[in-house]
Amino acid sequence: MSAQGNLPKPIAEGFLDSDIPCAYWILHDNDNKDTTKATELLKEIEKRYPVSCKLITLNSGKPDEPVEDIWKSYLDPSIQKDSKRRGQYLSADDLKLLASTVSEFVLKVLNPHLERKLNILNAEVNHARKGLSNTIKFMFGARKSAKQGRLHSGTGYDLKSIEAKVRQAADFALLISDYDTAAGHYRIAKSDYQHDKLTKLLAGANELHGLCAMLVGGVRNGSSYIENAIKWYQTNADMARATRATLWAVDAYRTQGISLEAAEILKRASERESHFPGGSQLRAALLLEQAAYMYLRPSKQ
């Protein structure tokens with residue numbers, strides 16, 4: 001899988017990082033009580049991949065020991081009516097094991113990986129852009145060579161360019177909830193995108209910059225950034241992304257108890273979906289339904 005010829009196209013072309021944290025889990029169906037083969041296989045895998053290897057035994061339950069159908073709430077309503085219970089052999093202990101395994105992976109593998117990558121990226125960005133000599137070099141030299149750091153497809157920067165590393169640092173910081181750091185990097189990335197006329201990337205960065213600002217200083221702080229993103233998407237008939245940006249804002253208003261304003265935002269989004277090119281009548285109806293629900297919620301402000 002990790003061989004160069006097998007990599008997904010975005011990774012092979014330098015858009016995405018190939019340094020991906022991995023875990024190696026062997027799933028054993030407890031219908032077969034003999035775990036000898038699974039245990040031997042685990043030992044072989046541990047020799048090759050010494051980190052994050054685990055044997056997970058599932059289907060330890062019995063049909064007469066009912067456990068909640070964990071998939072039911074995520075299924076289409078027509079399927080939910082089906083009386084068949086999914087995962088009927090999963091025991092309560094099986095579900096606890098799955099939950100603890102995922103939590104362990106996040107805490108011991110994923111989060112440390114993100115923090116390590118962020119520290120490296122921060123150091124590289126600071127080295128490239130701080131200091132008088134580097135500032136002058138960037139203003140008069142790096143801008144001229146920005147196109148050289150961009151891939152031939154013209155959709156963004158090469159993964160190794162400093163512009164791409166700024167955006168990576170922003171995304172990593174957002175993932176680990178370091179919103180101040182993320183906002184600072186998104187601000188720099190927006191300047192790069194604006195200079196190089198990468199307007200679609202600029203709109204996306206505005207979305208996430210707005211989200212970070214909302215999470216740090218309240219919903220009013222980031223709403224203008226998200227509105228800028230929505231306007232660009234609307235102008236370019238990308239209504240799906242306009243609605244995505246809307247939902248960022250709505251969720252921020254909702255969690256802070258400002259239901260009335262969240263309802264107004266959803267109502268405007270529904271009107272956009274109904275009347276602008278690229279819109280969807282289905283999305284418009286769903287947004288209007290959510291707006292009605294927000295109007296019924298008590299608002300703190």
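- Listed by first and then second residue, the side-chain hydrogen bond (donor to acceptor under 3.5 Å, both in side chains) pairs involving residues 200-214 are K190-N206, K190-H209, E207-Y233, E207-R244, E207-W248 (not counting sequence neighbours).
- Remark: D31 engages no residue in a salt bridge (charged side-chain N to carboxylate O under 4.0 Å, His left out) (not counting sequence neighbours).
- For the atom pair D251 CG and T255 OG1, the distance stands at 5.5 Å (nearest 0.5 Å).
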L202/D192 under side-chain contact (heavy atoms from CB on, under 4.5 Å): CA gap, chis, key distance, verdict
CA-CA 9 Å; L202 175 60; D192 293 333; over 6 Å; no

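- In this structure, the side chain to side chain contact (heavy atoms under 4.5 Å, CB included) partners of I120, at least two apart in sequence or on a different chain, are R116, E124.
- With a 4.5 Å cut-off between side-chain heavy atoms of Ile, Leu, Val, Met, Phe, Trp and Tyr, the cluster of L286 takes in L282.
- The side-chain hydrogen bond (donor to acceptor under 3.5 Å, both in side chains) contacts involving residues 275-284 comprise E273-R283, where partners must be two or more places apart or lie in separate chains.
- N236 places a side-chain N or O within donor-acceptor distance of the main-chain N or O of W232, the cut-off being under 3.5 Å.
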Can you list the steps and then say if N221 with M214 is a side-chain contact (heavy atoms from CB on, under 4.5 Å)?
CA-CA 6 Å; N221 287 9; M214 285 178 166; 6.0 Å; no

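- Qualifying side chain to side chain contact (heavy atoms under 4.5 Å, CB included) partners for I45, counting only residues two or more places apart in sequence or in other chains: Y24, I26, L41, Y49, C53.
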Run T101 and F105 through side-chain contact (heavy atoms from CB on, under 4.5 Å) and show every step you take.
CA-CA 6 Å; T101 299; F105 173 75; 5.8 Å; no

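- The two residues P277 and M239 make their nearest non-hydrogen contact at O-CG, 3.3 Å.
- Note on K43 versus E46: no salt bridge recorded, every NZ/NE/NH1/NH2 to OD/OE distance being 4.0 Å or above.
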